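What you see is a predicted model, and the numbers here were worked out from it, not measured in a lab. No hydrogens, no waters, no symmetry mates; every other heavy atom, side chains included, goes into these values.
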Amino acid sequence: MGRSRRTIPEELLLLALDPTTGTTAQPQSLDLGLAGAQLVELALAGRIAPDGDRIAVVMPRPTGDPTLDSALELLRRRGSPVRAVHWIGGPRLGLRQTYLSHLERCGMVHAVSGQMCGVLPTTRYQATESAVSREIRTRLDNAIRTGVPPDPRTAALAALAHAVGLGKHLYPGNEGRSCRSRLRDLIRHDPMGGLVAHAVMDVQNGVAAQPRRAPGGGGGSGGRGSAPAVRATASPSAGPVPHPQPHQVTEQSRRPAQVGHMARAGAR
């Protein structure tokens, strides 16, 4: 993969950098967005493809980008397609710092050391290559304001920017309301970007922690390759609670059955 072009994770991070404070907007959701942006970049490189709401590796050959190749190898080791929400919601410790350090090595940003309350060391990052940052922003603005369908990279970038909450950072106030709405609408122009953006929002809303129901509401085994962590999270609510206040729990669990029996008897 040529390095003359910025990857989508790098572009998303540059969009999130505040030129005044040197900090990143929406830092917690941005971490999720960076993990999602890696998926989009790998898809554009032909290494992965969507499989329903899952991600499947279709070509394990490295891209030449160490950070992307690390993500690709982790996906390959899964052995079967993984749900996008489970991948994005997984631990990604240090991912934002990895990309900030890479941008610093490329001369895109420079680190500014400081202190918080005169004691705690802090590091801010200021963009130094303004032409690249302007080009990224111009692409996004053109897609929003002209109504011309954007290319897949710009569409995916717009979808991720919306998903992590950068709309108010990029287009603040009442005057930016229509631009924020258009930013949200661009999510439909790239299937992979849309899948990943919705997964990022689902993780933020806690949807990734919910059990996945089989179609039709059946109680079968659910989707293929369901994550054990999700089943473990859901299982306590499906069975009796083992220890606290057993008599009270048993009595409460008995009442719905009695009420249902009486209702069926009255219906006969």
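- Under the 3.5 Å distance criterion, the side-chain polar atoms of Thr154 are left unmatched by any main-chain donor or acceptor of Pro150.
- Considering every non-hydrogen atom in both Tyr171 and Arg180, the closest pair reads O-NH1, 2.7 Å.
- With a 4.5 Å cut-off on side-chain heavy atoms, Leu183 and Leu140 count as touching.
- Cys106 has its side chain within reach of Arg6: a pair of non-hydrogen atoms, C-beta onward, lies under 4.5 Å apart.
- Residues Asp141 and Thr138 have side chains that never bring a donor and an acceptor to within less than 3.5 angstrom of each other.
- Defined by atom type and a distance below 3.5 Å, a donor-acceptor pair is present between the side-chain atoms of Tyr99 and Gln38.
- Under the 3.5 Å distance criterion, with hydrogens and angles disregarded, no donor-acceptor pair is assigned to the side chains of Glu11 and Thr7.
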- Task: Start with the C-alpha gap between Leu160 and Val196, add the side-chain angles, then the distance that decides, and say whether side chain to side chain contact (heavy atoms under 4.5 Å, CB included) holds.
- Result: CA-CA 8 Å; Leu160 287 162; Val196 169; 3.8 Å; yes
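- Residues Thr123 and Val112 fail the side-chain proximity criterion, which asks for heavy atoms closer than 4.5 Å.
- Across all their heavy atoms, Gly46 and Met59 have their closest contact at O-CB, 3.6 Å.
- With values rounded to the nearest 0.5 angstrom, Leu44 atom CG is found 12.0 Å from Thr63 atom OG1.
- In this structure, CD1 in Ile187 is found 4.0 Å from NE2 in His198, a value given to the nearest 0.5 Å.
- In this structure, Ala155 and Asp190 approach most closely via the heavy-atom pair CB-CB, 3.9 Å.
- Side-chain atoms of Pro62 and Leu72, non-hydrogen and from C-beta on, never get closer than 4.5 Å to each other.
- Put simply, CZ on Arg61 and CZ on Arg47 are 4.5 Å apart, with the number rounded to the nearest 0.5 Å.
- There is a side-chain donor-acceptor pair under 3.5 Å between His102 and Glu10.
- With Leu32 as reference, Val200 is the one residue of Asp202, Val85, Val200 to meet the side-chain contact (heavy atoms from CB on, under 4.5 Å) rule.
- A salt bridge links Glu41 with Arg153: the closest approach of a Lys/Arg side-chain nitrogen to an acidic carboxylate oxygen falls below 4.0 angstrom.
- To the nearest 0.5 angstrom, Leu157 atom CG is 13.5 Å from His162 atom NE2.
- Residues Ile48 and Met192 approach most closely at CD1-CE, 3.8 Å, considering heavy atoms.
- The two residues Leu12 and Ala37 have their closest heavy-atom pair at CD2-CB, 4.5 Å.
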- Task: Kindly determine whether Val164 and Met201 satisfy side chain to side chain contact (heavy atoms under 4.5 Å, CB included), including the steps that lead there.
- Result: CA-CA 7 Å; Val164 303; Met201 291 184 283; over 6 Å; no
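- Between Ile55 and Leu42, the closest side-chain pair of non-hydrogen atoms is not below 4.5 Å.
- Between Ala156 and Val40, the shortest heavy-atom distance links the atoms CB-CG1, 3.5 Å.
- Distance check: Leu14 CG to Glu135 CD gives 10.5 Å after rounding to the nearest 0.5 Å.
- Side-chain contact between Ile136 and Leu15: present, with at least one pair of heavy atoms (C-beta onward) separated by less than 4.5 Å.
- Atom CD of Gln97 has more than 12 neighbouring heavy atoms from other residues, nucleotides or ligands inside a 6.0 Å radius.
- Between the Asp51 side chain and the Arg54 main chain, no donor and acceptor come within less than 3.5 Å of each other.
- Side-chain contact check for Thr23 and Asp18: no donor-acceptor pair (N or O, by modelled atom type) lies under 3.5 Å.
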- Item | Worked check of side chain to side chain contact (heavy atoms under 4.5 Å, CB included) between Ile88 and Leu39 | CA-CA 9 Å; Ile88 291 169; Leu39 294 180; 4.2 Å; yes
- Item | From CA spacing to verdict: side chain to side chain contact (heavy atoms under 4.5 Å, CB included), Ile144, Asp185 | CA-CA 9 Å; Ile144 287 173; Asp185 292 342; over 6 Å; no
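- Here the CG-CG distance, from Asp69 to Leu74, works out to 11.0 Å after rounding to the nearest 0.5 Å.
- Annotation for Arg177: atom CZ does not count as buried by contact number, only 12 or fewer foreign heavy atoms lying within 6.0 Å.
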